[in-house]
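To start, the structure under review is shown below, and the notes come after it.
All heavy atoms count here, side chains included; hydrogens, waters and symmetry mates do not. Treat the numbers as computed from the prediction; the structure is a model and nothing was measured. Chain identifiers are assigned alphabetically (A, B, ...) following the order of the sequence lines, protein sequences preceding nucleic acid strands; residue numbering begins at 1 within each chain.
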There are 2 protein chains.
Amino acid sequence: MQTAHATLNNQITSNATLLRPRPAPEFGTARAVTKDEEIFAEGDRAAYFYKVVSGAVRTFKLLSDGRRQIDAFHLPGDIFGLEKGDEHRFSAEALGDATIIAYRRCSLEALASRDQAFANQVIASMMNSLERAQDHMLLLGRKHALEKIATFLLVMAERLTEDGHVDLPMSRIDMADHLGLTIETVSRSLTQLERQGIIELPAHRRSIILRNKAALERLEA
Amino acid sequence: MQTAHATLNNQITSNATLLRPRPAPEFGTARAVTKDEEIFAEGDRAAYFYKVVSGAVRTFKLLSDGRRQIDAFHLPGDIFGLEKGDEHRFSAEALGDATIIAYRRCSLEALASRDQAFANQVIASMMNSLERAQDHMLLLGRKHALEKIATFLLVMAERLTEDGHVDLPMSRIDMADHLGLTIETVSRSLTQLERQGIIELPAHRRSIILRNKAALERLEA
DNA sequence: CGTAGCTTTGAACAACGTCAAACAGCGTGG
DNA sequence: CCACGCTGTTTGACGTTGTTCAAAGCTACG
């Protein structure tokens with residue numbers, strides 16, 4: 001019950017601790033990563049946070065028996081790996097070859113005093129993550145397989161905007177682990193949508209053409 | 001996971017800090033709400049955000065056919081209803097009789113310049129929400145019914161800390177809609193845990209005694 | 001070409017949901 | 001004080017969605 005209070009203050013004090021003098025690194029250091037390369041792992045010390053420049057990144061948690069939940073895919077411009085505490089609560093891997101910028105982690109106050117605009121960007125990105133997470137809980141907890149797929153396709157179409165032609169950067173396994181399904185169910189749902197003429201699955205397996213967005217929106221529930 | 005320890009330890013000190021007379025920010029306006037009373041609804045203009053003083057609040061989203069996902073329960077000290085955009089993306093209702101404080105919503109910048117400490121509290125609360133949401137996605141997407149229940153009981157025990165004796169402020173329906181289950185499955189899982197001697201369900205249906213936390217933690221997966 | 005890694009497809013199965021009924025606590029009113 | 005009905009919870013039988021297990025198809029890439 002006081003937990004909230006506690007953590008709140010926790011934040012403030014720990015920020016103070018982090019304020020120790022340091023060469024100003026507003027401009028992080030770029031880094032190139034290759035397909036499936038680990039950027040950081042759950043439990044690692046959170047010395048940096050990151051921004052995607054090109055490519056895409058997945059962040060995920062694992063259960064002891066290997067079940068995986070991908071909480072988000074991060075596309076160019078997205079910030080990820082920012083933590084309240086001092087260790088990463090997720091693992092992060094590149095979906096394909098990608099470039100990212102690493103920023104040395106520091107307190108928001110320090111950040112704000114040095115570069116207000118960047119600080120605001122970071123906060124805004126946090127709120128975006130939160131909104132996405134909240135929408136995703138509804139999807140995971142209450143939507144059926146077909147509704148999950150429909151929602152996912154619409155969201156990705158929106159984020160990748162190639163006008164109904166979505167070139168997915170992730171495999172079926174990644175989709176499944178993001179949507180709380182198995183790859184088989186993902187596959188079956190997609191072919192069902194294709195048979196209904198709502199989408200098209202060209203030979204190149206990673207790309208999808210949305211033929212009937214209205215129908216998808218109806219399916220979204 | 002000493003993170004938990006850390007937070008608990010800091011709790012004491014930080015509460016002390018918070019109770020100190022603080023340069024008054026917006027002293028929000030207190031409001032008493034009764035069981036199931038709506039505090040705001042999804043789509044409402046987000047003119048205020050709130051802090052729970054006593055009682056508990058649920059925030060949730062609905063699908064068109066009435067399926068509901070409760071994204072979080074808010075206990076005393078928790079902040080809820082803070083939005084990035086200008087309308088609420090959730091509905092909020094009191095679980096039982098409760099009192100809350102309403103703060104007039106304003107930009108974080110304005111808030112920060114006027115009362116840095118309070119601004120930090122707000123940001124920290126956002127990060128808390130995000131962390132909870134992320135953990136909850138793992139639960140919703142990848143855990144089985146029994147694992148969901150086990151996790152839920154441990155989390156609630158931690159937050160309500162009456163040491164193994166949890167007095168839940170919510171009904172089975174609320175639990176179900178939070179965990180992505182049905183009330184029947186919640187009920188069955190609880191009785192299964194009771195039959196295994198891991199918990200005890202006294203006559204008063206809202207209270208639960210955790211007899212074997214270790215077993216629950218093993219079940220958590 | 002040939003092999004490796006995804007993806008799709010099919011059939012059997014299990015976990016969870018649905019439907020229905022019994023049960024318990026609790027407030028109300030006779 | 002007890003009967004009554006209301007509401008929330010538990011329990012049971014059965015159905016369905018999505019998973020599991022297995023195998024075959026594609027693509028890509030050497």
Want to settle it: does A:S187 or B:A145 sit nearer the 5' end of DNA chain C, counting the closest nucleotide to each?
A:S187
Do the side chains of B:R45 and B:D86 get close enough for a salt bridge, i.e. N-O under 4.0 angstrom?
yes
Separation of B:L201 atom CG from D:dT9 atom P, in whole Å?
12 Å
For A:E200, the side chain to side chain donor-acceptor pair (under 3.5 Å) test, sequence neighbours excluded, returns A:R211
Calculate, to the nearest 0.5 Å, the distance between atoms NE2 and CE belonging to A:H178 and A:M170 respectively.
7.5 Å
If you define the side chain from C-beta out and look only at heavy atoms, does anything of A:D174 sit under 4.5 Å from A:I70?
yes
Enumerate donor-acceptor pairs with a distance under 3.5 Å from any side-chain N or O in residues 212-221 of chain A to protein atoms, sequence neighbours excluded.
residue : atom : partner : partner atom : Å
A:N212  : OD1  : A:A214  : N            : 3.4
A:N212  : OD1  : A:A215  : N            : 3.0

Ring geometry between B:Y103 and B:F118 (parallel below 30°, tilted from 30 to 60°, perpendicular above 60°)
tilted
Can you see which heavy atom on B:M175 is nearest to which on B:V186, and at what distance?
CE-CG1, 3.7 Å
Contact span of DNA chain C against chain A, any nucleotide atom under 4.0 Å from a heavy atom, 5' to 3', runs C:dT7 to C:dA11
Given B:L179 and B:T185, is the side chain to side chain contact (heavy atoms under 4.5 Å, CB included) satisfied, shown in steps?
CA-CA 10 Å; B:L179 300 175; B:T185 303; over 6 Å; no
With each end axis built from five pairs of C1' atoms, what bend angle do you get for the helix from C:dC1-D:dG30 to C:dG30-D:dC1? Round to 10°.
30°
Could you give the CD1-to-C1' distance, from B:I208 to D:dG8, as a whole number of Å?
14 Å
Over how many whole Å does the gap from B:R172 atom CZ to D:dG8 atom P extend?
13 Å
Passing candidate, side-chain contact (heavy atoms from CB on, under 4.5 Å) with A:I39, options A:R31, A:E93, A:H88
A:R31
Measure NZ/A:K143 against P/D:dG18 and give the value in whole Å, please.
14 Å
CG of B:L95 versus P of D:dG8: gap in Å, rounded?
13 Å
Lys/Arg-Asp/Glu bridge criterion (N-O < 4.0 Å) met for B:R132, B:D71
no
If the sugar-phosphate is the primed atoms plus P, OP1 and OP2 and the base is the rest, what is the B/S/- string for nucleotides 19-30 of chain D, using protein heavy atoms under 4.0 Å?
BBB----SSS--
Residues that B:F80 engages under ring-ring contact (aromatic ring centres under 6.0 Å, His included), provided they are two or more places apart:
B:Y50, B:H74
